[in-house]
Amino acid sequence: MDQPLIGVLALQGDVREHVRALTRTGARAVPVRRPAEVDEVDGLVIPGGESTTISKLAETFELLEPIRKRIGDGMPAYGSCAGMIMLAARVLDGRPDQRGFAGIDMTVRRNAFGRQVDSFELPVLIDGMPGPAFSAVFIRAPWVEQVADGVRVLGRVAEGSAAGRIVAVRQGNLMATSFHPELTGDHRVHAYFVELVRDALAAAADRR
Ligand code: GLN
């Protein structure tokens with residue numbers, strides 16, 4: 001099968017880093033800014049950045065509904081940090097006017113690790129990922145406060161005062177991490193997502 005074409009929502013945030021990480025796993029990756037581009041990709045990455053800004057720009061660029069629609073139709077999506085917030089059905093400590101794609105049936109808390117702690121690294125154990133614990137970079141990160149039935153917890157903080165906090169989840173074709181795997185040289189999270197996109201493409205082809 002051809003390499004899947006994965007879009008990276010390019011409104012704000014660390015778009016280039018995701019494009020690079022996806023390319024390293026062998027996928028094709030393109031920035032996505034227009035509604036027509038949303039229709040062309042096999043999967044979408046929503047990068048880290050600032051969810052209130054991404055929300056505002058998604059409305060301005062008329063991307064909110066097209067992305068919601070494709071997610072509703074089963075397009076795989078992966079959100080990191082602000083991207084996790086954009087994929088959450090419920091957001092605590094968000095701005096009242098912030099809107100998202102509401103794909104994953106979970107509640108996330110923005111800036112959960114405390115605003116004063118800007119950036120740090122912690123080991124995260126990820127379900128179904130071979131190899132050592134993932135050394136995860138957190139930047140003013142959310143965590144997952146609660147998940148509904150049907151949302152699989154993929155990863156928790158392994159040590160420190162936030163030990164046990166949920167920081168990686170999956171529901172169907174959607175996944176999200178509180179941390180930024182695009183900022184490290186470890187591309188296992190991106191490889192996991194690319195595999196998910198491949199499986200979704202194969203399942204769609206079987207149905208035809
Ligand atoms: N705190 C940011 C937000 O609320 C997320 C930070 C990040 O993506 N690194 O969107």
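FYI, the numbering just counts along the sequence from 1. Every number for a ligand or one of its atoms is a count from 1 in the order of the listing. Worth saying up front: this structure is predicted, and the values here are computed from it rather than measured.
Taking the charged nitrogens against the carboxylate oxygens, Glu37 and Arg34 do have a contact shorter than 4.0 Å, which makes a salt bridge. Using a 4.0 Å cut-off between charged nitrogen and carboxylate oxygen, Arg70 and Glu65 do not count as a salt-bridge pair. Comment: Glu59 engages Arg99 in a salt bridge, judged by a side-chain N to carboxylate O separation of less than 4.0 angstrom.
For the residues His180, Gln98, Arg140, the heavy atom positioned nearest atom 9 (N) of ligand 1 is part of His180. Across the listed options Asn111, Val137, Asp14, Ile54, Asn111 owns the non-hydrogen atom lying nearest to atom 1 (N) of ligand 1. When the heavy atoms of Ala82, Pro142, Gly49 are ranked by distance to atom 6 (C) of ligand 1, first place goes to Gly49. When the options Gly13, Ser51, Ala141 are ranked by their closest heavy atom to atom 10 (O) of ligand 1, first place goes to Ser51.
Considering backbone and side-chain atoms together, Thr52 places no N or O closer than 3.5 Å to any N or O of ligand 1. Geometrically, ligand 1 and Ile85 share no nitrogen or oxygen pair separated by less than 3.5 Å. For ligand 1, the polar-atom distance check finds an N/O of Arg110 within less than 3.5 Å of one of the ligand's N/O atoms.
Nearest protein heavy-atom neighbour of atom 2 (C) of ligand 1: Glu50 OE1, 3.5 Å.
Residues Val169 and Arg152 are not in side-chain contact: their nearest non-hydrogen atoms beyond the backbone lie 4.5 Å or more apart.
Of all atoms in ligand 1, numbered sequentially from 1 with element shown, those under 4.0 Å from a heavy atom of Gly48 are 8 (O). Atoms of ligand 1 lying under 4.0 Å from at least one heavy atom of Cys81, given by number and element, are 5 (C), 6 (C), 7 (C), 8 (O), 9 (N).
Checked by atom type, the side-chain pair Gln98/Ser55 shows no donor-acceptor distance below 3.5 Å.
Aromatic ring centres of Tyr78 and Tyr192: separated by at least 6.0 Å.
Using a 30° and 60° split on the angle between ring planes, Phe138 and Phe113 fall in the tilted class, from 30° to 60°.
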